[in-house]
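Read through the structure below, which is laid out as structure tokens, and then see the notes.
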Amino acid sequence: MPSTRGSVPDPGAPGGVDQRLRRGARAPAPHPHAPDDRGRPHRIAIVGGGPGGLYTAALLKRLAPDREVTVYERNAPDDTFGFGVVLSDETLGGIEHADPAVHEALKAHFVRWDDIDIVHRGIRHTSGGHRFAALGRRRLLGILHDRCRDLGVDLRFRTEAPPPDRLARTHDLVVAADGVHSAVREAHRDVFRPHVTSHRCRYIWLAADFAFDAFRFEIAETEHGVMQLHGYPYSRPSPDQQPSTRPRGPQHEAASTVIVEMREEVWRAAGFDALDETESTARCAKIFADALGGRPLRSNNSAWTTFRTVVNARWSHGNVVLLGDAAHTAHFSIGSGTKLAVEDALALAACLEERPTLREALGAYEEERRPVVASTQRAARASLEWFEDLGRYVGQPPRRFAFNLLTRSRRVTHGNLRLRDAGFTDSVEREFGCPPGTPPMFTPLRLRGLTLRNRVVVSAMDMYSADDGVPGDFHLVHLGARALGGAALVMTEMVCVSAEGRITPGCTGLYTGRQGGAWRRITDFVHDSAPGTAIGVQLGHSGRKGSTRLMWEGMDEPLPDGNWPLVAPSPLPYRPGSQTPRELTRAQLTDVRQQFRAAAERAAHAGFDLLELHCAHGYLLSGFLSPLTNHRTDAYGGSLERRLRFPLEVFDAVREVWPAERPMTVRVSATDWAEGGTSGADAVRIARAFAAHGADAIDVSTGQVVAEERPEFGRSYQTPYADRIRHEAGVPVIAVGAISSWDDVNSLILAGRADLCALGRPHLYDPQWTLHAAAEQGYDGPGAPWPAPYRAGSRPPRTGRTDAPRPRLTLHGPRQDV
């Protein structure tokens, strides 16, 4: 039985639907090694009679009526373990192109609505324009059963499928659509290599015999902890209801899916672990009586469970292929279980038609679907984790909380939410404090005596272009151009506190007076030519990652000659072939601390507005923080408090000489992306410690601490760590990591996940990124003033002639030649 028995949609989930299967689609030319004379598998077994398996059967039989297609389903035709199913417009478009008969049958039973209601602390906020379509899961299965029978598919209910090896021998193709606990997949787990992750919430699928008038999220703050309800209609509302946005559906009984979810520890504290199905159902109805209008809930073999995310290294083995939950799962909170299975079916059928051999077809299917699924799973994980950590956000202002919930997966953004419901988005901005016509990213932020005019930071980026640690003309042009580009704060690369603390021979420093003078030239240019732009210096020491080649000559590779000795918390090389550093002695710790202090004094004299201490990415101070790189047994190793000791001593030494009115930030790696390394909880404790010592903000990065890391890359992939530190440590944060659009920046700031956003690569691509973001949003205000010499370029140049004369006369009828 699959773990997801319905779907709760993320209104921003993209389509990725294959639309190549149209009415009358023709098969490719025969191939001599194909299972039949037209180049396609002839005898097909499908294990699992859920929507994905049934739709696959219907598609394959419709495209080749002579095929033998058999579906094995162990349950009865009317058995179903869920209630309502939501499908996106994109998925429906693919169904319409591939099988209009199924699409027409679905249309006749859909309930459609546009609104999302978010109810928190007795206040309801509604956001419109989201376009949902739902129907009962039993109705969906019935439509697919009828279609399969019409086409001649052999449906075998109450029948266990033969063993996978026997099916593979007796059929040309075996489709494993048997859910998250797939027996077919488990029979070949050594090939498919599934990885299953269980998560931290318990949830139960229930139903109500009335129709909500919108998609409804309701939060209950109980004595045991936070609980949440997700509810949506899947059939027509009761006649006595008068909703403002009434779902439209056929004449049948009103019903809604209701999912109740809470953290495991809340579930146990509330006593649900001791209740049976009937008792749990009644208890949920009592907790959410306001949402239900006092009505009861009903169950259907409903049980509390934890969601399991399934990922497989491979999706096919010989003539066996995985589909739907057997191949992958995505949390129900973005409504992707049935959607992904149906889209898998569309893609598999298309690839079998297009490719001359089964092997090529199954390879093409996986190649096509894997990136779509991976993207969906990233969004689903972000949504899942948001609900797991719901208690973190309940204290937000009500509209901001609602906006945060709607944008939780990072697929719905500030920009597309504004397109759907400008009034709702305006109300969130007003609550946040945006002046009229001002996007969130162009609101100011004050850190100590420094006021940043907007929320954009040019991230620290190593340029490896210095001569003996001295920044030159390249640095003046590089940093000066970005200062003219509109960002509130421009950060230098990591500026090293000693010659031995450089990463490469091309790194800049602040360990000589000459270097300090060269930096003064740059800060003077920024302050004179880009008034209102702040420039910050990032101080650091390479530790065990030093004495390496320039990045484009071989990143992290040792110098072929001219190496200098390295020091670190413990004598551990960064990777095989790297130099082994010496473990720092007590006397050397004192020397290093003094080097940071002296560099900070030079930075103050050089005119920097902000100083950041680099405690991330495996460099020296980061090396003390991580248990993977700090194996010391003295007072500077062991527990986290001891590992923090030296970085805090350095921070205190720097803060002592850094002007009191100028802010200090600290960059940390909030996870090492490696087992046994720094965790998210550790990062919160680290942030609290630095904040207690006077840090004004934490710059939250991740990784690069150990070479064997396994990061989970993706859009804005590091921002959840910043979000957690901001809410749990109560300190302003700078978010970094694949933030690429101004829409992302607006979303993160308005949702309260970050106070500043640092962007690196976008500013390499476009030094005027911030000014262009303002122009593209139609903003012209104090948050993004154009330098006077550049103001003529504040509008995009025209790309073609638009002033051609319009026709004055149109002749009708046949032309008369003279």
Val705 vs Ser622 side-chain heavy atoms within contact, under 4.5 Å:
yes
Parallel, tilted or perpendicular: which one describes the rings of Phe646 and Tyr636, with boundaries at 30° and 60°?
perpendicular
Heavy-atom distance under 4.5 Å between the side chains of Pro558 and Gln579, does that happen here?
no
Contact between Ile734 and Val700 at the side-chain level, heavy atoms closer than 4.5 Å - yes or no?
no
Suppose we screen for side chain to side chain contact (heavy atoms under 4.5 Å, CB included). Which residues come up paired with Glu709, at least two apart in sequence or across chains?
Trp673, Gln704, Val706, Pro711
Carboxylate-amine/guanidinium proximity below 4.0 Å for Asp744 and Arg715
yes
Scanning both residues in full, the closest heavy-atom pair of Asp190 with Arg193 reads O-CG, 3.5 Å
Side chains of Thr197 and His195: closer than 4.5 Å at any heavy-atom pair?
yes
Show the nearest heavy-atom pair for residues Pro573 and Arg544, with the distance to one decimal.
O-NH1, 2.8 Å
According to salt bridge (charged side-chain N to carboxylate O under 4.0 Å, His left out), does anything in residues 469-483 pair up with another residue at least two apart or in another chain? List the pairs.
Asp473-Arg521
What's the spacing between Asn312 CG and His328 NE2 if we round to 0.5 Å?
9.0 Å
When you measure from the side chain of Ser669 to the backbone of Asp672, do you find a donor-acceptor pair of N or O atoms at a distance under 3.5 Å?
no
Do the side chains of Glu649 and Arg645 get close enough for a salt bridge, i.e. N-O under 4.0 angstrom?
yes
Between Ser333 and Ser383: side-chain donor-acceptor atoms closer than 3.5 Å:
yes
Donor-acceptor pair, side chain of Thr504 and main chain of Gly506, under 3.5 angstrom:
yes
Are the side chain of Arg726 and the backbone of Gly752 linked by a donor-acceptor contact shorter than 3.5 Å?
yes
Any salt bridge linking Asp556 with Arg575? Criterion: basic side-chain nitrogen under 4.0 Å from a carboxylate oxygen.
no
Between Ser375 and Arg411, is the side-chain hydrogen bond (donor to acceptor under 3.5 Å, both in side chains) condition met? List the steps.
CA-CA 10 Å; Ser375 175; Arg411 283 190 164 174; 2.8 Å; yes
Under 4.5 Å between any side-chain heavy atoms of Thr309 and Val196, yes or no?
no
If I take atom OG1 from residue Thr376 and atom CZ from residue Arg381, how far apart are they, to the nearest 0.5 angstrom?
15.0 Å
Side-chain atoms of residues 612-619: list all donor-acceptor pairs with protein atoms under 3.5 Å, sequence neighbours left out, distances to 0.1 Å.
| unit_1 | atom_1 | unit_2 | atom_2 | d |
| --- | --- | --- | --- | --- |
| Glu612 | OE1 | Thr665 | OG1 | 2.8 |
| Glu612 | OE2 | Gln538 | NE2 | 2.8 |
| His614 | ND1 | Ala616 | N | 3.3 |
| His617 | NE2 | Ser701 | OG | 2.8 |

Is there a side-chain contact between Leu759 and Val457, using heavy atoms and a 4.5 Å cut-off?
no
Taking atom CD of Glu641 as the centre, report whether more than 12 heavy atoms of other residues, nucleotides or ligands fall under 6.0 Å from it.
yes
Spell out, as yes or no, whether a donor-acceptor pair under 3.5 Å connects the side chain of Arg602 to the backbone of Leu510.
yes
Which pair of non-hydrogen atoms, one from Ala460 and one from Thr492, has the smallest distance, and what is that distance?
CB-O, 3.0 Å
Looking at Glu553, I'd like to know if its CD atom is crowded, meaning that more than 12 non-hydrogen atoms belonging to other residues, nucleotides or ligands lie closer than 6.0 Å.
yes
Mind telling me whether Trp552 and Tyr464 have parallel, tilted or perpendicular rings, with 30° and 60° as the class edges?
perpendicular
Please determine whether side-chain hydrogen bond (donor to acceptor under 3.5 Å, both in side chains) holds for the pair Asp682 and Ser679, giving the CA-CA distance in whole Å, both sets of side-chain angles, and the decisive distance to 0.1 Å.
CA-CA 5 Å; Asp682 293 336; Ser679 67; 3.2 Å; yes
Hey, could you give me the CG/OG1 distance between Leu479 and Thr533, rounded to the nearest 0.5 Å?
12.0 Å
Looking at Ala326, is its backbone amide N or carbonyl O close enough to the side chain of Ser182 to form a donor-acceptor pair, meaning the two atoms are under 3.5 Å apart?
no
Start with the C-alpha distance between Glu493 and His475, add both sets of side-chain angles, then the distance that settles side-chain hydrogen bond (donor to acceptor under 3.5 Å, both in side chains), and finish with yes or no.
CA-CA 10 Å; Glu493 60 196 85; His475 298 85; 3.3 Å; yes
Checking the side chain of Arg632 only, and the main-chain atoms of Pro569 only, is there a donor and an acceptor separated by less than 3.5 Å?
yes
Would Arg200 and Asp389 pass as an ion pair if we require N to O under 4.0 Å?
yes
Hey, what's the ring geometry for Phe474 with His478, parallel, tilted or perpendicular (30° and 60° as the breaks)?
parallel
After noting the C-alpha distance and the side-chain angles of Arg263 and Cys201, does the key distance pass the side chain to side chain contact (heavy atoms under 4.5 Å, CB included) rule?
CA-CA 4 Å; Arg263 286 281 288 261; Cys201 279; 4.1 Å; yes
Taking Gln588 for its side chain and Thr585 for its backbone only, find out whether a donor-acceptor pair lies under 3.5 Å.
yes
Examine distances only and state if a side-chain atom of Ser498 and a backbone atom of Gly501 form a donor-acceptor pair shorter than 3.5 Å.
yes
Asp609 side chain reached by Arg662 side chain, heavy atoms, under 4.5 Å
no
Is a salt bridge present between Glu728 and Arg688, judged by a nitrogen-to-oxygen distance below 4.0 Å?
no
Taking Glu557's backbone N and O only, do any of them form a donor-acceptor pair with Thr548's side chain (distance below 3.5 Å, no angle check)?
no
Looking only at non-hydrogen atoms, find the nearest pair between Gly480 and Phe525 and report the distance.
CA-CE2, 3.6 Å
When you measure from the centre of the six-membered ring of Trp564, is the NZ or CZ of Arg502 closer than 6.0 Å and no more than 45° off the axis?
yes
Give a yes or no on whether the backbone of Thr306 and the side-chain of Arg308 come within a donor-acceptor separation of less than 3.5 Å.
yes
Please confirm whether the ring centroid of Phe608 lies under 6.0 Å from the ring centroid of Trp519.
yes
Give me the atom names and distance for the closest heavy-atom approach of Ala670 to Tyr721.
CB-CB, 3.7 Å
Nearest-0.5 Å distance, CG of residue Leu322 to OH of residue Tyr365:
7.5 Å
Are there more than 12 heavy atoms of other residues, nucleotides or ligands under 6.0 Å from atom CG of Asp467?
no
Can you check salt bridge (Lys or Arg N to Asp or Glu O under 4.0 Å) on Arg408 and Glu385, steps first, answer last?
CA-CA 9 Å; Arg408 66 194 181 278; Glu385 291 177 346; over 6 Å; no
At their closest point, which heavy atom of Leu644 faces which heavy atom of Pro647, and how far apart are they?
O-CD, 3.3 Å
Do the charged groups of Glu656 and Arg597 touch, with an N to O distance under 4.0 Å?
yes
Non-hydrogen side-chain atoms of Arg185 and Val310 separated by less than 4.5 Å:
yes
Roughly how far apart are Arg643 CZ and Leu621 CG, rounded to 0.5 Å?
14.0 Å
So, His541 and Glu500: side-chain donor and acceptor under 3.5 Å apart, yes or no?
no
Separation between OG1 of Thr719 and CZ of Arg753, rounded to the nearest 0.5 Å:
7.0 Å
